[in-house]
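Note that these values count all heavy atoms, side chains included, but never hydrogens, waters or copies made by symmetry.
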Amino acid sequence: MSKFIRVLALAVACLAGCTTVPEPSRKPGQATVAATEAALVAESYVSEEHPADELDSLAAWPVDDGGLWVIGSAKSTHHLVVFDGDSGQRLREVGGKGDAPGQFNRPNGVAVFGDYLFVVERDNHRVQVLSLPDFRPLTLFGADQLRSPYGLWLHEIAPNELDIYVTDSFMEGRKFDVVPPLAQLDQRVRRYRLHMGDDDALRVESLGAFGDTSPDAALRMVESIGGDPANDRLLIAEEDTRVGTDLREYDLAGRYIGKSVAPGRFRAQAEGVALWDCGSDQGYWVAVDQADPRTVFLLFDRTTLDYRGSFVGTATGHTDGIALHAAATLRFPSGALFAVHEDKAVAAFDLGDVARNLHLNPACVR
């Protein structure tokens, strides 16, 4: 393509509402990838910044009065932060450093099922389950198996039964920065089954671990994980840029499908991943490219995993976790995508704005 045509194409794209995202600095061993053109979708809000928190992961929980809570894990202050999902207002903090029930030591992944909140604690090597809205601790599990857990995904397999997938990115070396030998990487994801009884009685059993150990497909550095039972699919973010950061596809039984989702599309580091369920097996996967100064959000078809476009906000950068709430709220009739901004705030995007800007399936816009 000639230089003139490239410039003309860029001008037309920008007139259509796109912006060119600057190429981030390349890390040692990371392949050079051309700059990405992404639609510009303005944030509905960015919450007040609290740098001390070092926010990581987010989960959304509908409140009985029709509102929405967004719950974030604050790694450095060892507590959870609760935000109003419609306004971004900081409502309260929960917990503090410790190993007793209701306390946390570097909380990371968070997820919600019904009125249960699941919190992964990296430095307590466990998962904690609390009730909502009172944050009453109910049970702890995983301390006998988990070494450096980060993210999790929940799958309801039957009434009152959940399968819980937990990524475990344990490392070796004096500074814990050396990827273990391939033979040990079959423990990168651990699975548990939770049985829910009456009066919040919970029973957890270990179902073992999985992870491919071949040189081309092993999970070397893992955190974010998401699943889609309708398509028997897990997507796990491989963060090691030295081998090519991407999303790796597994089935729900833990078998590697044999392909990466989007080789070459992640320019910085693959991070948060969430399913946008638009009903009737329609929708999109949303994944984070943790670029600086601005995060790139990439979308893939729910069924085929074909790339469908990307967008950036006006400010949101260096995102770790995301939470997608596809149901209507007072402020977001089509739902919202919540993203960590620079480890110190939460940004919110209207899913209706995302769908319109990227010309997505009208079924995703209410």
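- Taking each heavy atom of Ala291 and Arg267 in turn, the nearest pair found is CB-NH2, 3.8 Å.
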Before you tell me yes or no, could you show the steps for Asp134 and Arg136 under salt bridge (charged side-chain N to carboxylate O under 4.0 Å, His left out), namely the whole-Å CA-CA distance, both residues' side-chain angles and the distance that decides it to 0.1 Å? CA-CA 5 Å; Asp134 57 1; Arg136 176 170 53 90; 3.6 Å; yes

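- Here the CG atom belonging to Asp320 is positioned 8.5 Å from the CD atom belonging to Gln269, to the nearest 0.5 angstrom.
- Scanning all heavy atoms of the two residues, the minimum distance from Leu247 to Ala270 falls at CD2-CB, 4.5 Å.
- At least one donor-acceptor pair closer than 3.5 Å links the side chain of Glu238 to the backbone N or O of Asp240.
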Residues Phe118, Phe113; criterion ring-ring contact (aromatic ring centres under 6.0 Å, His included); working and verdict: CA-CA 8 Å; Phe118 295 74; Phe113 177 82; 7.7 Å; no

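- Aromatic pair Phe297/Phe349: centroids less than 6.0 angstrom apart.
- No donor-acceptor distance shorter than 3.5 angstrom exists from the side chain of Ser57 to the backbone of Gly321, with no hydrogens or angles considered.
- Annotation for Leu324 and Ala274: closest pair CB-CB, 4.1 Å, computed over non-hydrogen atoms.
- Under a 3.5 Å cut-off, the side chain of Arg248 and the backbone N or O of Ala217 do form a donor-acceptor pair.
- A donor and an acceptor atom, one from each side chain of Tyr192 and Gln145, are located under 3.5 Å apart.
- Applying salt bridge (charged side-chain N to carboxylate O under 4.0 Å, His left out) to Lys75 and the options Asp343, Asp56, Asp53 leaves one that passes, Asp56.
- A salt bridge is defined here as a Lys NZ or Arg NE, NH1 or NH2 lying under 4.0 Å from an Asp or Glu carboxylate O, and Arg188 with Asp168 fails to meet this definition.
- A donor-acceptor contact shorter than 3.5 Å links the side chain of Asp84 to the backbone of Ser87.
- Among residues at least two apart or in separate chains, there is no disulfide bond (SG atoms under 2.5 Å apart) pair with a member in residues 53-139.
- Closest heavy-atom contact between Phe332 and Gly85: CE1-O, 3.5 Å.
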Going through the checks in order, is the ring-ring contact (aromatic ring centres under 6.0 Å, His included) test met by Phe170 and Phe176? CA-CA 8 Å; Phe170 55 89; Phe176 300 101; over 10 Å; no

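- Remark: the Ser47 side chain and the Gln89 side chain contain no N/O donor-acceptor pair separated by less than 3.5 Å.
- Under a cutoff of 6.0 Å and an axis angle of 45°, Arg233 and Tyr250 do not form a cation-pi pair.
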Would Tyr165 and Arg191 count as a side-chain contact (heavy atoms from CB on, under 4.5 Å) if you check the C-alpha gap in whole Å, the side-chain angles of each, and the deciding distance to 0.1 Å? CA-CA 5 Å; Tyr165 297 80; Arg191 187 168 54 163; 3.5 Å; yes

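- Taking each heavy atom of Asp350 and Ser334 in turn, the nearest pair found is OD1-CB, 4.4 Å.
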Chi angles and distances behind the side-chain hydrogen bond (donor to acceptor under 3.5 Å, both in side chains) call for Glu161, His195: CA-CA 5 Å; Glu161 284 193 353; His195 305 269; 3.0 Å; yes

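- Between Arg106 and Glu121, none of the side-chain N atoms (NZ, or NE/NH1/NH2) sits under 4.0 Å from a carboxylate O, so this pair counts as no salt bridge.
- Without hydrogens or angle criteria, His341 side chain to Gly317 main chain gives a donor-acceptor distance under 3.5 Å.
- Under the 4.5 Å side-chain criterion, counting only non-hydrogen atoms from C-beta, Trp285 is in contact with Leu305.
- In terms of heavy-atom proximity, Ala209 sits nearest to Arg190 at CB-NH1, 3.7 Å.
- At least one donor-acceptor pair under 3.5 Å links the side chain of Ser169 to the backbone N or O of Val222.
- Leu58 is listed as a side-chain neighbour of Val346, based on a closest heavy-atom distance under 4.5 Å.
- Only one option out of Val365, Leu337, Val286 pairs with Leu351 in a side chain to side chain contact (heavy atoms under 4.5 Å, CB included); it is Leu337.
- At distances below 3.5 Å, at least one donor-acceptor pair connects side-chain atoms of Asp246 with backbone N or O atoms of Ala262.
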